[in-house]
Student: 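The structure is given below, and queries will be raised subsequently.
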Amino acid sequence: MKFENEKAYRVKSLSQDILEHLMEDSTSYNCEDLKHVIEMLARSVSDLVTLYTDREGDHETAFKGTISKMRISYNVLQYKETSKLVRKQDKYHPQPGIEGYK
C-alpha cells in the first residue's frame, strides 16, 4: 500500500507541474503539441480508473505507465518552451525581428 501512495503522490505532483506550466502567461503552445499532451493525460486518467476499479491487476506496472505518460506530457510542454528560448539565442542562425541580430 505504501508503494501505491507514493506513486499516487507522484501523479499528483506531475499534474500540478503540468498545470503550472500551462498557466504561465508568457508561453504559447502549438496545437499539435497540446493535442499530444491531452492524449497522454486522457490515457493517464483511463489508467487510473482501471487501477481504481480493477483490484486484481498489476498496480505497479500500471502506475509506472501512468507516470510515464504524465512525464511525456510534461516534457512536451517543457521542451517546446526551452527550444523556443534556444532558437532565440542561436547566434549562428539568427531569426529576423529578434533584438540584437542584424
Student: Nearest 0.5 Å, please: how far is CD in E20 from OH in Y74?
Tutor: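 One finds 8.5 Å between OH of Y74 and CD of E20.
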Student: Of all the heavy-atom pairs spanning V37 and S73, show the shortest one and how long it is.
Tutor: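 V37 and S73 have their closest heavy atoms at O-OG, 3.5 Å.
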Student: Atom CG of L19 and atom CG of L77: how far apart are they, to the nearest 0.5 Å?
Tutor: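 Spacing of CG (L19) from CG (L77) equals 10.0 Å.
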Student: In the single-linkage hydrophobic clustering (I, L, V, M, F, W, Y; side-chain heavy atoms under 4.5 Å), do Y29 and M23 co-cluster?
Tutor: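 Yes; M23 is reachable from Y29 via cluster members.
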Student: Does I38 share a hydrophobic cluster with I18, counting links as ILVMFWY side-chain heavy atoms below 4.5 Å and allowing steps through other members?
Tutor: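 Not linked; separate clusters.
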Student: Between K69 and M40, what is the shortest heavy-atom contact and its length?
Tutor: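 Where K69 meets M40 most closely, the heavy atoms are O-CB, 3.7 Å.
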Student: Are the side chain of H36 and the backbone N or O of C31 linked by a donor-acceptor pair below 3.5 Å?
Tutor: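 Side chain of H36 to backbone of C31, a donor-acceptor pair under 3.5 Å: no, none is there.
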Student: Can you tell me how far CD1 of I72 sits from CZ of R43, rounded to the nearest 0.5 angstrom?
Tutor: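 It is 10.5 Å, given to the nearest 0.5 Å.
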Student: Any side-chain heavy atom of F63 sitting closer than 4.5 Å to one from D47?
Tutor: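 When only atoms from C-beta onward are counted, D47 and F63 do not touch, as no gap falls below 4.5 Å.
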Student: Main chain of K12, side chain of S15: is a donor-acceptor contact present, judged purely on distance under 3.5 Å?
Tutor: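 Answer holds: yes.
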Student: Please tell me if the side chains of V11 and T66 come closer than 4.5 Å, counting only heavy atoms from C-beta onward.
Tutor: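 In short, these two side chains touch, coming nearer than 4.5 Å.
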Student: How far apart are the closest heavy atoms of H59 and D54, and which atoms are they?
Tutor: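 Distance-wise, the nearest heavy atoms are NE2-O, 3.0 Å.
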Student: For K64, is there any backbone N or O sitting under 3.5 Å from a side-chain donor or acceptor partner on S68?
Tutor: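 Yes, because the side chain of S68 sits within donor-acceptor range (under 3.5 Å) of the backbone of K64.
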Student: How many angstroms lie between CG in N75 and CG in L14, if you round to the nearest 0.5 Å?
Tutor: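 Separation between the atoms: 9.0 Å.
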Student: Side-chain contact, heavy-atom cut-off 4.5 Å: H21 with D17?
Tutor: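 Counting from C-beta outward, H21 and D17 never come under 4.5 Å.
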Student: M70, L22: one ILVMFWY side-chain cluster at the under-4.5 Å cut-off?
Tutor: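 Yes; L22 is reachable from M70 via cluster members.
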Student: Got V76 and L34 here, is their nearest side-chain heavy-atom distance under 4.5 Å?
Tutor: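 With C-beta onward as the side chain, the pair stays apart.
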Student: Closest heavy-atom contact between I67 and K7?
Tutor: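 The answer is CD1-CD, 3.6 Å.
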Student: If you measure from the Lys or Arg side-chain nitrogens to the Asp or Glu carboxylate oxygens, is any gap between E39 and K35 under 4.0 Å?
Tutor: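 Not counted as a salt bridge, because no side-chain N and carboxylate O are separated by less than 4.0 Å.
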